Amino acid sequence: MKLDILPIGQFEENCYILHDSGHVLFVDPGRHYKKLIEMIGKDEVVDGILLTHGHSDHTGATDDICDLYHCPVYMDFRDYPLVDPKTANLFSEGAPVYADIQDLSGDILEIGQFKLKIYHTPGHTDGSVCMQYKNILFTGDTLFQLSCGRTDLYSGSDEKMKASLDFLKTLPHDLKVYPGHGSSSTIGFEVENNPYMISYF
């Protein structure tokens, strides 16, 4: 298994490319798809694109990658208004995605080589999710190193963010955290040091 991390764009959103046994998943491909596809081996199979939420800095390269690899896209449909071509431009943080999107409605996603646990963690947006593959947890803009995502944008909620962070505390403390922005961490480090996990206010 290999994980490529490319901080891209004005907000240095972390685009992740997960490789395992000749298969690939993109997580939050935000911008500059040409840089992202440079990381794909000629014999690798792209199984899909996963979106932790619907903000444009996490979705911007989705259509270009889909055009190249004809792969499925998954997100929680509670964030669909942010990417729906009919409504996305109503939100400053939204942008249209024209690819066909499938709903992350369950707790398990099996796609190609990959079997992932899906944790629905609203707060930053109502459709925010965290995704676990083996010992890796992609947290999007729910949990950052020593911080958490803002809650003052469309469908954000302080109450839901607190509940989501309380849930994340229950996960194994050696689980590696890969957030939507900033440096990686572990659940254990965040439980002990992140002020929002110690006492959300």
Side-chain angles (χ1 to χ4, degrees), residues 1-89 93-120 125 127-142 176 178-181 184:
M1 183 178 69
K2 183 180 76 166
L3 183 64
D4 293 318
I5 307 170
L6 291 86
I8 284 176
Q10 177 184 358
F11 301 107
E12 293 193 334
E13 183 268 328
N14 289 325
C15 302
Y16 294 105
I17 305 172
L18 179 63
H19 309 254
D20 202 343
S21 303
H23 290 254
V24 173
L25 283 181
F26 288 93
V27 179
D28 287 353
R31 293 285 187 277
H32 306 305
Y33 80 97
K34 291 182 180 179
K35 292 183 179 180
L36 301 181
I37 64 174
E38 288 176 357
M39 312 305 294
I40 307 303
K42 63 179 181 179
D43 296 323
E44 289 187 306
V45 176
V46 176
D47 288 334
I49 297 171
L50 306 178
L51 305 176
T52 62
H53 63 291
H55 287 167
S56 62
D57 56 326
H58 294 253
T59 67
T62 299
D63 283 329
D64 289 314
I65 293 172
C66 281
D67 287 344
L68 284 170
Y69 297 108
H70 308 289
C71 57
V73 183
Y74 296 85
M75 72 179 297
D76 186 314
F77 268 14
R78 286 174 289 187
D79 268 14
Y80 190 67
L82 291 162
V83 298
D84 184 348
K86 297 177 182 178
T87 59
N89 291 326
E93 65 276 14
V97 174
Y98 294 93
D100 183 40
I101 298 177
Q102 300 185 41
D103 187 15
L104 280 174
S105 56
D107 298 326
I108 299 291
L109 175 65
E110 295 190 49
I111 172 174
Q113 168 72 23
F114 303 94
K115 183 176 181 179
L116 301 103
K117 295 180 181 179
I118 307 299
Y119 304 117
H120 297 270
T125 65
S128 289
V129 299
C130 296
M131 308 169 181
Q132 181 182 346
Y133 181 66
K134 297 183 178 179
N135 67 331
I136 287 175
L137 184 69
F138 299 105
T139 59
D141 286 4
T142 298
K176 297 178 180 178
Y178 288 93
H181 305 267
S184 61

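Computed from a predicted structure; not experimentally measured. One is the number of the first residue; the rest follow in order along the sequence.
- With a 4.5 Å cut-off on side-chain heavy atoms, Leu51 and Pro29 count as touching.
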Between Ile8 and Leu36, is the side chain to side chain contact (heavy atoms under 4.5 Å, CB included) condition met? List the steps. CA-CA 10 Å; Ile8 284 176; Leu36 301 181; 3.6 Å; yes
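- The shortest side-chain heavy-atom distance between Tyr69 and Val45 does not fall under the 4.5 Å cut-off.
- Remark: Arg31 pairs with no residue by the side chain to side chain donor-acceptor pair (under 3.5 Å) rule, at least two apart or across chains.
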Report the C-alpha distance between Tyr33 and Asp63 in whole Å, list the side-chain angles of each, state the deciding distance to 0.1 Å, and finish with yes or no for side-chain hydrogen bond (donor to acceptor under 3.5 Å, both in side chains). CA-CA 9 Å; Tyr33 80 97; Asp63 283 329; over 6 Å; no
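- Between Pro96 and Ala88 the shortest heavy-atom distance is N-CB, 3.5 Å.
- Salt-bridge annotation for Asp20 and Lys134: present, with a side-chain N of the basic residue lying under 4.0 Å from a carboxylate O of the acidic one.
- How far CD of Gln102 is from CG of Leu109: 8.5 Å, rounded to the nearest 0.5 Å.
- The closest side-chain heavy-atom distance from Ile49 to Pro72 is not below 4.5 Å.
- Sorted by first and then second residue, the pairs that involve residues 70-80 and meet side-chain hydrogen bond (donor to acceptor under 3.5 Å, both in side chains), not counting sequence neighbours, are Asp76-Arg78, Asp76-His120, Arg78-His120, Asp79-Thr125.
- Summarising the geometry, atom CG belonging to Asp28 is positioned 6.5 Å from atom CE belonging to Met131; distances are rounded to the nearest 0.5 Å.
- Within the 4.5 Å cutoff, no side-chain heavy atoms of Leu137 are placed close to those of Lys176.
- With rounding to the nearest 0.5 angstrom, the NZ atom of Lys2 is 13.0 Å from the OG atom of Ser21.
- The ring pair (Phe, Tyr, Trp, His ring centres under 6.0 Å) search around Tyr119 returns Phe167, not counting sequence neighbours.
- Contacts of Asp47 classified as salt bridge (Lys or Arg N to Asp or Glu O under 4.0 Å), with partners at least two apart in sequence or in another chain: none.
- Residues Val73 and Cys66 have side chains in contact (heavy-atom distance under 4.5 Å, counting atoms from C-beta outward).
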List the atom pairs, with distances to 0.1 Å, where a side-chain N or O of residues 11-19 and a protein N or O form a donor-acceptor pair under 3.5 Å, not counting sequence neighbours.
{"unit_1": "Glu13", "atom_1": "OE2", "unit_2": "His58", "atom_2": "ND1", "d": "3.4"}
{"unit_1": "Asn14", "atom_1": "ND2", "unit_2": "Tyr16", "atom_2": "OH", "d": "3.3"}
{"unit_1": "Asn14", "atom_1": "ND2", "unit_2": "Pro179", "atom_2": "O", "d": "3.0"}
{"unit_1": "Asn14", "atom_1": "ND2", "unit_2": "Gly182", "atom_2": "O", "d": "2.9"}
{"unit_1": "Tyr16", "atom_1": "OH", "unit_2": "Pro179", "atom_2": "O", "d": "2.6"}
{"unit_1": "His19", "atom_1": "ND1", "unit_2": "Glu44", "atom_2": "OE1", "d": "3.2"}
{"unit_1": "His19", "atom_1": "ND1", "unit_2": "Glu44", "atom_2": "OE2", "d": "2.8"}
{"unit_1": "His19", "atom_1": "NE2", "unit_2": "Asp4", "atom_2": "OD2", "d": "2.6"}

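- A 4.5 Å side-chain heavy-atom check between Asp57 and His181 finds at least one atom pair inside the cut-off.
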Could you walk me through whether Lys34 and Asp64 pass the salt bridge (charged side-chain N to carboxylate O under 4.0 Å, His left out) check? CA-CA 9 Å; Lys34 291 182 180 179; Asp64 289 314; over 6 Å; no
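- Contact of the Leu50 side chain with the Phe26 side chain is not registered, since no non-hydrogen atoms from C-beta on lie closer than 4.5 Å.
- Atoms CG and OH, on Asp100 and Tyr98 in that order, are 15.0 Å from each other to the nearest 0.5 Å.
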Under 3.5 Å donor-acceptor pairs involving side-chain atoms of residues 110-117, not counting sequence neighbours:
none

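- Counting only heavy atoms from C-beta outward, the side chains of Cys130 and Phe138 never approach each other to under 4.5 Å.
- In terms of heavy-atom proximity, Met39 sits nearest to Lys35 at CG-O, 3.8 Å.
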